[in-house]
S.K.: 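Quick one: the structure is below, questions incoming.
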Amino acid sequence: MKYRLTYLFLISFLLPISIWAQVLTPGSNSGFPGTQNPNDRNGFPNAATQNNQGKNKGPQKSGRAALDDSTKQVYGPNTMYFVHESDIVNSREIKRRIDTTLTLFQRYLFQEKSGFLTANLGNDGTAVRQVFFQSPGSLGTQLGYSVYSPYAFQADQVRYFNSKSPYSEVEYNLGGGGQTRLNFNFARNVDSLWNIGIALQRMVADKVLTDAAFKSGEQSLLGQWGLLLHTNFQSKNKKYRLLGHINYFDQGTNDQGGVKLSKTLTADEALKYTDNTAILSNSLSQSNDKFIKFHVYHEFIGWKGLQLFQALDVENRTVKFRDKAFQQSLTDGFYPRTYIQYIQAPAEDSLYNENRWSSYSHQTGLKGIYKQFVYRTYLKQRYWSVYNPLNESKLDRFENYVGLWINQSFNQNIDFTAEGEYLLGSDYRLKASFQSPFFQVTAQRISYSPSIASNWVYNTSYRWKNDFANVSMDEIYGGINLKSKYIYFKPGLTIQRISDWIYFDSLATPTQTKSDIGVFRTSVDLGGQWRKFSWFTKVYANTQTGPDVMRMPNLLIDANLALDVQYKKLLYVQFGIDIHHQSAYFADAYQPALQQYHLQNNYQVPAFVQLDPYVSLRINRVRLFFKMSHANYGLLNNNYYTAYLHPAMSRVFGYGVKWLLFD
């Protein structure tokens, strides 16, 4: 509650100041098309109208162009840009612009931003899982405790700015269940060649189930901090470039375990109520995931066809879980067994699981461009170690990789890409894709190592040391693009074959299949725009063959309908509704002691439809939305489960504001 009051104070204090500052900026007016300023474009200044861009006045600083921050400069989204590291690595520098539209601005929750292709435990910030199977992004052994990692800043999404002027971005969201998020971004050019920035995020959420702490007034379910420091530099002759960031993440969760059932309260009956009791009702269980990562990439361009690059990564991470009421939770059947032999539980009764992970790696290679052909080849070395303080044991490994990436562009819209990476003696990935305006085809084969979580665990209730074989997967995707002036139609097909799949069974114990799993998923992306109306629908139809150990819904639909209205050339408004549907299936249960989703065969989560009407507004450089999530609660259905015994949020109201400052 104290965090929410702090956020409300910041909003009430900063929002009027930011809006007033925009209004009083010299040389500006209302800032929308059709107003007196002919240089404004969709509410923001046009980059082509900037005065003396790139020209120097006065003395130079270290041989670099000094920035003119006088009031003659009019800064905005069109005077700045950012790049991702992949753009630089692949020798395709794309000047990406800040998003200033109202398109899907109302989707502020993590699962909404993913197009509902992820699910959690009913509240934002809780354990994340993919609804459909996806291949891993990295080869080599991973820790495997990753349900909170998606909320952290992602290395491939770090924005490296050339902002010219100081740039600030503030976003605040508040939804039902105490779902509160505050994001702050700041970047500025030290000079024309060097930019530094900081990004900060804070997320909190309240409990939706009753436990001992909830009854005493402590409603906090989770708290999360994320901090990102980033910088990028390019030499004056453009022969040398550096990108780097430090990424810190800290997540703490008071685990509840789901709805506590009884002989009189079934899973279906529990969906009718909003004051259900938690399984871990003693409020003595808690998870924590904390890490800090350091990353730097730099390259030297000797010749266009021969360039040297290197990437360095260092990571330290600690994952913990403790349940101080282990004996009671064991009696209730939440844990399968105990390895402690005692008649009466000791005073310090607990289940404790901890893993301390460290990883160091460097990647060094050559790349270059010849006409429209781009290549990249590299050697990568990685050392990782994991330590378990309970039995004072350690695992570690040194890994060597080689890789090759090539791209051939035939014109601006057609290209072919192929890549391969090999961990000597173990993992590998082979991938090829062809892109054109009319169709896309992608094929890949991957073999990757089991995670630490599936191979090695030692705590009070779970113990194993496995030697699972690599998981392998073949995947083919094909899609067609058809469009006219008012409508587009994009059908697609994904075929996957997964061998030696590792899953966690109904007792949360890892098991490896002996038979292949086949996945056939068709998708249709249909939408368009007519006058002031815009709409889209994404449909996924999924079928499987082989052992029933990978649970996914057969049908998922995500849709949006919007109406755009302009009021007196000063206010842009979008009225709309989000629609989400998912078919019935045996959704996984969640075991917080292991941070793992696992199979359950007790209950088929029923199908549901969720309707979220909203209104979004833009006033100059400030955007707001007001949204009623799950407005059909109690009409078409009572509620639904996002995971076994974890109910979704009932009908709640949410709102958010985001504003941009460019000077």
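These numbers come from a predicted model, not from an experiment.
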S.K.: Is the side chain of Gln529 donor-acceptor paired with the backbone N or O of Lys532 at a distance under 3.5 Å, no angle test?
M.R.: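 Looks like no, no N/O pair under 3.5 Å.
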S.K.: Give a yes or no on whether the backbone of Ser449 and the side-chain of Gln142 come within a donor-acceptor separation of less than 3.5 Å.
M.R.: no
S.K.: Can a donor-acceptor pair be found between the side chains of Asp558 and His580 at a distance below 3.5 Å?
M.R.: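 Short answer, no.
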S.K.: Answer yes or no on whether Arg129 is positioned over the face of Tyr597, meaning its NZ or CZ is under 6.0 Å from the six-membered ring centre and within 45° of the axis.
M.R.: yes
S.K.: Crowded around Phe410 CZ? As in, over 12 foreign heavy atoms under 6.0 Å?
M.R.: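 It does: Phe410 CZ has more than 12 such atoms within range.
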S.K.: Just say parallel, tilted or perpendicular for the rings of His630 and Tyr633, cut-offs at 30° and 60°.
M.R.: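 Correct class here is perpendicular.
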S.K.: Is it true that Asp427 and Asn470 share a donor-acceptor pair across their side chains at a distance under 3.5 Å?
M.R.: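 Checked: Asn470/Asp427 side chains pair up, N/O donor to acceptor below 3.5 Å.
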S.K.: Quick check with a 6.0 Å cut-off and a 45 degree axis cone: is Arg551 positioned over the face of Tyr585's six-membered ring?
M.R.: no
S.K.: Indicate whether the side chain of Glu475 and that of Gln444 have a donor and an acceptor atom separated by less than 3.5 Å.
M.R.: yes
S.K.: Tell me whether the centres of the aromatic rings in Trp501 and Phe133 are closer together than 6.0 Å.
M.R.: yes
S.K.: Considering the options Phe184, Phe161, Tyr81, which one meets the ring-ring contact (aromatic ring centres under 6.0 Å, His included) requirement together with Tyr167?
M.R.: Phe161
S.K.: Strictly distance-based, threshold 3.5 Å: is any side-chain N or O of Asn632 a donor or acceptor partner for the main-chain N or O of Val609?
M.R.: yes
S.K.: I want to know whether Phe439 and Phe434 have ring centres closer than 6.0 Å.
M.R.: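 Between Phe434 and Phe439, which both carry aromatic rings, the centre distance is below 6.0 Å.
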S.K.: Once the angle between the rings of His230 and Tyr160 is folded into 0 to 90°, is it parallel (under 30°), tilted (30 to 60°) or perpendicular (over 60°)?
M.R.: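 Because their plane-to-plane angle is over 60°, the rings of His230 and Tyr160 count as perpendicular.
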S.K.: Could you verify whether a donor N or O on one side chain and an acceptor N or O on the other, from Gln224 and Gln201, lie under 3.5 Å apart?
M.R.: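 Present: a donor and an acceptor within the cut-off.
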S.K.: Ring centroid separation for Phe608 and Tyr640, is it under 6.0 angstrom?
M.R.: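 Distance test on ring centres: under 6.0 Å, yes.
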S.K.: Under the 3.5 angstrom rule, does the side chain of Asn639 hit a backbone N or O of Ala648 as a donor-acceptor pair?
M.R.: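 A pair under 3.5 Å: yes.
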S.K.: Hey, is NZ on Lys113 packed in by over 12 heavy atoms from elsewhere, all under 6.0 Å?
M.R.: yes
S.K.: Ignoring hydrogens and geometry beyond distance, is a side-chain donor-acceptor pair present between Asn560 and Tyr614 at under 3.5 Å?
M.R.: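 Looking only at side-chain atoms, Tyr614 and Asn560 do form a donor-acceptor pair, the distance falling under 3.5 Å.
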S.K.: Taking atom types as modelled and ignoring hydrogens, do the side chains of Gln307 and Glu299 form a donor-acceptor contact shorter than 3.5 angstrom?
M.R.: no
S.K.: Honestly, is Lys380 close enough over Tyr401, meaning NZ or CZ under 6.0 Å from the six-membered ring centre and within 45° of the axis?
M.R.: yes
S.K.: In terms of relative ring orientation, are Tyr540 and Phe132 parallel, tilted or perpendicular, with 30° and 60° separating the classes?
M.R.: tilted
S.K.: Would you confirm whether Asn90, through its side chain, and Asp87, through its main-chain N or O, come within 3.5 Å as a donor-acceptor pair?
M.R.: no
